[in-house]
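Each chain gets a letter, A, B and so on, in the order its sequence line appears, and its residues count up from 1.
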Amino acid sequence: MKVLVAVKRVIDYNVKVRVKADNSDVDLTNVKMAMNPFCEIAVEEAVRLKEKGVASEIVVVSIGPKVAQEQIRTALALGADRGILIETEEKLESLSVAKALKAVVEKEQPQLVILGKQSIDNDNNQTGQMLGALTGMPQGTFASEVAVDGDKVNVTREIDGGLRTVGLTLPAIVTTDLRLNEPRYASLPNIMKAKRKPLDVLTPADLGVEIKSTQTLVKVEPPAERSAGIKVASVDELVEKLKTEAKVL
Amino acid sequence: MGILVVAEHDNATLKGATLNTIAAAKAIGGDIDVLVAGQGCQAAADAAAKAEGVSKVILVDDAAYAQQLGEPMGDLVAELGKGYSHILAAATTTGKDFLPRTAALLDVNMISEIVKVESADTFARPIYAGNAIATVQSADAIKVITVRATGFDPVAAEGGSASIENGSAVADKGISSFVGEELAKSDRPELTAADIIISGGRGMQNGDNFEMLYKLADKIGAGVGASRAAVDAGFVPNDMQVGQTGKIVAPNLYVAVGISGAIQHLAGMKDSKVIVAINKDEEAPIFQVADYGLVADLFEAIPELDSKL
């Protein structure tokens with residue numbers, strides 16, 4: 001079974017984000033970039049499916065600037081077999097990304113498409129579900145367990161009240177949540193090997209996809225700061241303050 | 001034109017987040033219709049009809065929507081939503097599951113987790129785990145939006161008298177099915193609706209020690225949450241997690257016990273009205289957002305607090 005994994009290049013999750021002085025966007029100049037953590041979990045899940053003999057080939061795809069090749073190489077070093085970059089400098093919104101991925105799905109015919117549930121930059125949590133609607137595939141979003149069984153996959157999802165398991169007909173889409181797995185680190189020999197794995201570069205036009213933007217970023221501001229209050233010396237003082245000053249008890 | 005709000009419910013009851021979503025719809029302005037799709041969900045529809053500001057409730061009662069799976073819900077809302085200027089759902093794991101499907105079927109982009117309405121086409125939403133707030137203007141013909149409950153005060157649950165009309169189901173493609181569910185059973189208030197929340201972190205050391213928090217919570221009618229560290233360590237189940245990747249809460253009182261205050265946790269609770277932090281490390285970042293900080297060993301402070309309330 002062929003597995004397609006979509007990955008995104010985003011700000012490294014350890015970097016503290018700063019808003020530009022003119023409030024036009026966040027400042028990404030000279031900031032360390034990395035693979036979106038939820039996408040790393042998606043790659044890891046695909047690799048585990050291959051190690052179990054369920055997946056036969058793992059294709060990793062990214063959409064973005066030329067440098068996004070770095071994140072595809074990372075996925076190849078983790079165990080993906082080949083990569084596809086849909087290269088564009090255009091501003092990308094979820095619907096365009098989903099349409100580009102749909103074109104890749106039609107070309108590659110995977111049985112399973114695994115994506116991160118959201119990227120840690122825009123926090124949209126949309127692309128996997130949109131791809132599902134466009135391709136007519138079912139989805140297991142926010143997955144904490146994936147069990148392929150013949151022509152079906154059971155996905156356990158993290159929902160507000162606990163866990164829910166859904167059964168999906170393949171081909172299907174899975175979006176990963178944090179507790180699906182713990183991604184491995186790439187070993188040096190695998191990083192070297194990844195450099196020789198095939199990586200195709202396409203343009204949206206090659207796939208017959210138009211990148212369209214319908215949203216304007218009006219401004220970006222830092223969140224309202226909460227200032228530190230006071231330290232209380234004892235439990236008695238705390239109870240007193242909560243009752244008489246804050247009046248919340 | 002008008003606004004379609006998709007109700008969050010479990011067939012028997014209307015969930016509170018629906019009232020916050022209606023509040024966001026009111027801020028946009030226009031007639032508000034509420035869709036209640038489920039199976040045996042008349043009671044939820046009756047409740048929706050009583051909510052403040054609702055013009056009409058559309059009830060679609062069909063086996064296909066019994067568990068509100070993303071595929072049939074996405075199709076139904078796209079079909080019913082065509083005639084509206086805005087489609088809104090709560091940013092819960094249900095709304096986040098089906099609404100992007102709806103947007104794609106309508107060939108429009110979506111705006112996730114808004115916390116403020118600037119105008120009918122411009123909305124504010126947190127990005128980068130709440131480290132920045134983006135104001136986004138949409139040029140799409142239909143604005144498809146999820147609403148973060150903590151950004152909007154709920155409308156009144158009673159007092160309205162909207163009409164209820166039946167809507168028809170859309171043919172289910174049968175590509176997904178419900179297998180099972182493990183829901184946390186608790187008599188304590190739900191985190192997203194609780195007035196007071198007590199949360200434990202890695203400092204709790206193990207799951208058994210959470211008993212202390214449960215006991216205290218039951219005494220004051222609080223919900224109990226946890227940090228991601230406590231969940232990842234296996235102390236408590238994931239549905240208790242408060243934070244960017246867990247639940248976003250804004251109670252009147254939030255008590256953080258043995259929680260250091262990682263950015264990802266703060267993103268989930270920093271809109272709480274009053275924050276109390278109890279931690280033995282006085283350098284813990286949680287104290288930078290706490291209104292009242294107590295530097296103390298939680299294993300002494302919590303029993304003492306329990307005895308004095």
Side-chain angles (χ1 to χ4, degrees), chain A residues 11 16-17 19 26 93-95 98 120-126 129-130 132-134 136-139 141-142 144 154 157-169 177-179 214-223 226 228-232 235-236 238-239 241-242 246 248-249, chain B residues 69-71 74 92-93 96-97 100-101 103-105 108-110 112-113 122 126-140 175-184 220 237-239 245 247 252-253 270 273-274 276 287-295 301 304-305 308-309:
Chain A
I11 190 168
K16 173 122 179 71
V17 178
V19 172
V26 298
E93 288 160 9
S94 305
L95 186 62
I120 61 165
D121 47 6
N122 289 324
D123 289 331
N124 274 326
N125 194 335
Q126 297 168 353
Q129 297 90 314
M130 285 184 166
L134 296 178
M137 284 194 225
Q139 66 194 27
T141 51
F142 330 141
S144 64
N154 275 356
R157 310 176 48 226
E158 296 203 7
I159 61 167
D160 289 334
L163 297 171
R164 163 182 282 201
T165 304
V166 290
L168 312 173
T169 312
D177 215 321
L178 280 174
R179 278 170 281 272
T214 62
Q215 295 180 347
T216 312
L217 194 55
V218 179
K219 62 180 175 189
V220 175
E221 293 165 309
R226 217 187 153 101
I230 55 160
K231 291 256 169 69
V232 291
V235 171
D236 284 325
L238 177 63
V239 172
K241 293 274 187 202
L242 291 178
V248 286
L249 276 180
Chain B
L69 296 180
E71 299 78 9
T92 57
T93 48
K96 291 194 267 196
D97 188 42
R101 284 187 86 101
L105 292 170
V108 295
N109 266 300
M110 181 176 145
S112 293
E113 305 222 16
T122 306
I127 55 173
Y128 291 88
N131 286 303
I133 306 294
T135 302
V136 182
Q137 186 172 28
S138 163
D140 281 309
I175 48 178
S176 58
S177 62
F178 175 79
V179 175
E181 211 162 56
E182 276 175 60
L183 295 183
I220 57 175
N238 68 278
D239 56 273
T245 51
K247 295 207 168 70
N252 278 324
L253 173 61
K270 67 179 166 50
K273 221 157 266 164
V274 175
V276 169
F287 288 121
Q288 288 163 24
V289 300
D291 299 287
Y292 303 104
L294 176 63
V295 180
E304 189 184 342
L305 188 58
K308 283 176 178 156
L309 286 176

- prompt: Given the options B:Gly293, B:Gly130, B:Ala132, which has more heavy-atom pairs under 4.5 Å with chain A than any of the others?
  reply: B:Gly293

- request: Check the side chains of B:Asn109 and A:Gln126 for a donor-acceptor pair under 3.5 angstrom, ignoring hydrogens and angles.
  value: no

query: Between A:Gln139, A:Arg179, A:Lys219, which residue shows the highest count of heavy-atom pairs closer than 4.5 Å to chain B?
result: A:Gln139

query: Looking at A:Asp236, A:Leu134, A:Val19, A:Asp177, which makes the most heavy-atom pairs under 4.5 Å with chain B?
result: A:Asp236

field: Main-chain N/O of A:Gly162 paired to B:Glu182 side chain as donor or acceptor, under 3.5 Å
entry: no

Pair B:Asn238-A:Glu158, side-chain donor/acceptor within less than 3.5 Å: yes

query: Looking at A:Gly167, A:Gly229, A:Gly132, A:Ala246, which has the largest count of heavy-atom pairs under 4.5 Å with chain B?
result: A:Gly167

statement: Assert top hit (heavy-atom pairs under 4.5 Å, partner chain A, pool B:Leu309, B:Val276, B:Ile133, B:Val274) equals B:Ile133

message: Looking only at the side chains, is there a donor atom on one of B:Ser112 and A:Asn125 sitting less than 3.5 Å from an acceptor on the other?
response: no

Between B:Asp291, B:Thr245, B:Thr122, the one whose heavy-atom pairs under 4.5 Å with chain A are most numerous: B:Asp291

message: Which atoms of B:Val108 are under 4.5 Å from chain A, going by heavy atoms: the side chain, the backbone, both sets, or neither?
response: backbone

- request: Below 4.5 Å from any heavy atom of chain A, which atoms of B:Lys247 appear? Answer side chain, backbone, both or neither.
  value: side chain

- prompt: Tell me, side chain or backbone of B:Ala290 under 4.5 Å from chain A's heavy atoms, or both, or neither?
  reply: backbone

task: State, to 0.1 Å, how close A:Gln129 and B:Asp97 come at their nearest heavy-atom pair, and which atoms those are.
output: CG-O, 3.3 Å

Option in B:Pro100, B:Ala129, B:Ala301, B:Ala104 with maximal non-hydrogen atom pairs under 4.5 Å from chain A: B:Pro100

